[in-house]
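Note that the structure is a prediction, hence the values are computed from the model and not measured. Atom set for the values below is all heavy atoms of this structure, side chains included, hydrogens, waters and symmetry mates excluded. Note on naming: letters A, B, ... go to the chains in the order of the sequence lines (proteins, then strands), and numbering restarts at 1 for each one.
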Protein chains: 2
Amino acid sequence: MAEQSTRTVERALELLAVVAEEGEASLTECARRTELAPSTALRLLRTLESTGFALRGEDGAFRPGHRLIGIGAKALSHDSLVTFAQPSLAELARATGESSYLCVGTPDQGVLYIAQAEGSHTIRHVSWVGHRFPQDGSAVGRVLRGTLPPEGFTAATSTVEPEVMAIAAPVHAATGIVAVLSVVGPAYRLDQARVEELGSLLTAEAERVSTLLGGP
Amino acid sequence: MAEQSTRTVERALELLAVVAEEGEASLTECARRTELAPSTALRLLRTLESTGFALRGEDGAFRPGHRLIGIGAKALSHDSLVTFAQPSLAELARATGESSYLCVGTPDQGVLYIAQAEGSHTIRHVSWVGHRFPQDGSAVGRVLRGTLPPEGFTAATSTVEPEVMAIAAPVHAATGIVAVLSVVGPAYRLDQARVEELGSLLTAEAERVSTLLGGP
DNA sequence: CGGGTTGTTTTCATACAATGGAACCATGCT
DNA sequence: AGCATGGTTCCATTGTATGAAAACAACCCG
């Protein structure tokens, strides 16, 4: 059985992804990114608009529409993202003994901790879940800003609690960085060598989650 | 100008909405809800699947896929939901003098405060933004669980801080309740009469946001 | 067992609808 | 004015989305 799939829909979804990713995109940009003829892109985008999945501003730019946002909120407040990441969180906690976290960025440049797996050391980091911090010079903040060294992870002592150190790596979806995986523990236990070690475990798991989410 | 729109795409998006809303749906259920022939629905759903917007379990049920979740996370961590709600938050703060909040539910039954407008009273509630609490018997929790009296809002003294009272009303999108609007202030200022008053302001604004999001 | 019911899948002829080139506006820049 | 660049409309052509029908697969129950 040959891959039976409707081209029109594929293209429309591609456009939807572009709009969601950019947050705001002009017709020609959409057309360019999807390699569609402007006339075709326009017709499809108009369909997205009339169904409420996109909306068009006075300025002619396309943005995510109500339907999409509703669906997004639902998807996120459901299992979804956390479900995809939970196995990796657990594995990290198991393999390292330290607590691991999943974070997302927030509109106002904050960092939000949305899920966790507790480490096994008797001295371990607990309970950042549900809290939000400014990005500052934190490891997670650096990842969200996309400023990463070639190793694919970064480490820093906490800007919140001085004796705490965090190592962080990005989770990519098709639309770019959507979350951050992080291992957190007491600074005294995390010397240079140990950080390298945890870093590679972390990037491996982050890549696993990214793959689940359709990233690279 | 005649409704120039591509039917195929409309149908596919309709299916996407159904899958996102249900979280899990069989082929025939999708077909029934969209009034499509099973064969057509199947072909379209397969397209959603092959593009990563839906995924199909061993059991044959369709669920939200990686792409959709990635987009959802992005939409939420962008402006979007907050942008839609901000005017209402500001209006509530202005009209009541109390601080107003926008919250969403989280996978583990928590309540997450994602945006705020500060009240004008010198004694006012500040800084729940970015925090997460259990649903417990809180007003917001009750709204998320969908247990609402006919008035369309509910009030309760905080389970976190005893002297604090919260009034909450649901924000509906096409997919159901996606967020909660809440006004929070010191209990001593919020007697029965005042609660009624704020409640109707709140439901009015909640409905306004709901309309923006394609709700009823 | 066998015959009903319900859900899923494939096939295929046909009508219809998606396509994109070309031409047409509307800008803005030199 | 002259030239870009972005947006829009039109329309003949072709390709493709469509859905009835039929085959297939699980069931449940007398």
Side-chain angles (χ1 to χ4, degrees), chain A residues 1-68 71 175, chain B residues 1-68 71 78:
Chain A
M1 54 180 138
E3 267 300 337
Q4 186 203 37
S5 193
T6 48
R7 191 177 52 153
T8 319
V9 174
E10 281 175 4
R11 290 172 162 183
L13 292 173
E14 222 52 56
L15 283 167
L16 188 66
V18 168
V19 170
E21 175 175 359
E22 295 302 316
E24 168 173 334
S26 72
L27 169 62
T28 31
E29 183 170 6
C30 290
R32 191 179 50 76
R33 297 263 308 248
T34 53
E35 294 179 347
L36 287 175
S39 53
T40 306
L42 180 63
R43 183 160 18 86
L44 260 27
L45 282 166
R46 286 229 176 105
T47 311
L48 293 181
E49 191 188 357
S50 74
T51 50
F53 279 82
L55 65 84
R56 191 162 202 188
E58 310 279 321
D59 54 355
F62 291 92
R63 288 172 240 272
H66 18 109
R67 290 292 275 299
L68 184 58
I71 285 177
T175 56
Chain B
M1 56 178 131
E3 271 294 341
Q4 188 206 34
S5 193
T6 49
R7 192 178 52 156
T8 319
V9 174
E10 280 176 3
R11 290 172 162 184
L13 292 173
E14 223 50 57
L15 283 167
L16 188 66
V18 168
V19 170
E21 175 176 356
E22 295 301 315
E24 168 174 333
S26 72
L27 169 63
T28 31
E29 184 169 4
C30 291
R32 190 180 50 77
R33 298 263 308 246
T34 54
E35 294 180 346
L36 288 175
S39 53
T40 306
L42 179 62
R43 184 160 16 85
L44 261 27
L45 283 166
R46 287 229 175 104
T47 310
L48 294 181
E49 191 188 357
S50 74
T51 49
F53 279 81
L55 65 83
R56 192 162 202 188
E58 310 278 323
D59 53 355
F62 291 92
R63 289 173 239 272
H66 13 110
R67 286 295 272 302
L68 185 59
I71 284 176
H78 262 179

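One donor-acceptor pair, N or O on each side, does fall under 3.5 Å between the base of C:dG21 and the side chain of A:S39.
At a threshold of 4.0 Å, the pair A:R63-A:E24 counts as salt-bridged, since one of the basic side-chain nitrogens sits closer than that to a carboxylate oxygen. Note on A:E49 versus A:R67: no salt bridge recorded, every NZ/NE/NH1/NH2 to OD/OE distance being 4.0 Å or above. Under 4.0 Å is where a charged nitrogen must lie from a carboxylate oxygen, and between B:E22 and B:R33 at least one such pair does.
Close to D:dG19, at under 4.0 Å from its OP1 or OP2, lies a side-chain N or O of B:T40. At the phosphate of D:dT9, OP1 or OP2 sits under 4.0 Å from a side-chain N or O atom of A:R46. Phosphate contact (OP1/OP2 of D:dT8, side-chain N/O of A:R56, threshold under 4.0 Å): present. In this model, the phosphate group of C:dA18 is not approached by any side-chain N or O of A:R7 to a distance below 4.0 Å at OP1 or OP2. OP1 or OP2 of C:dG20 has at least one side-chain nitrogen or oxygen of A:R11 nearer than 4.0 Å.
Across the protein-nucleic acid pair, B:L15 atom CG and D:dT18 atom P stand 10 Å apart, rounded to whole Å. If you take CD of B:E10 and P of D:dT18, they are 11 Å apart, rounded to a whole angstrom. Separating the CG atom of B:L27 from the C1' atom of C:dT10 is a distance of 13 Å, rounded to the nearest angstrom. In this structure, CG of B:L44 is placed 16 Å from C1' of C:dT8, rounded to the nearest angstrom. Nucleotide C:dA26 holds its C1' atom 17 Å from the CD atom of A:E58, rounded to whole Å. Whole-Å rounding puts the A:R43 CZ to C:dG20 C1' distance at 8 Å. Computed from coordinates, the B:L42 CG to D:dC24 P distance equals 17 Å when rounded to whole Å. Here C:dG20 presents its P atom at 14 Å from CG of A:L45, a figure rounded to the nearest Å.
Residue A:A20 comes nearest to A:L68 through the heavy atom pair CB-CD2, 4.1 Å, listed as atom of the first residue, atom of the second, then distance.
Residue A:L36 is out of contact with every strand shown, counting any heavy-atom pair closer than 4.0 Å.
The nucleotide whose nearest atom lies closest to any side-chain atom of B:T28 is, among D:dG19, C:dT8, D:dT16, C:dT8. The A:A37 side chain lies nearest to C:dG20 when the options are C:dG20, C:dA18, C:dT8.
Both A:D59 and A:T8 lie close to DNA chain D; mapped to their nearest nucleotides by heavy-atom distance, the more 5′-ward contact belongs to A:D59.
Of the N and O atoms on the side chains of B:S5 and B:E10, at least one donor lies less than 3.5 Å from an acceptor on the other residue.
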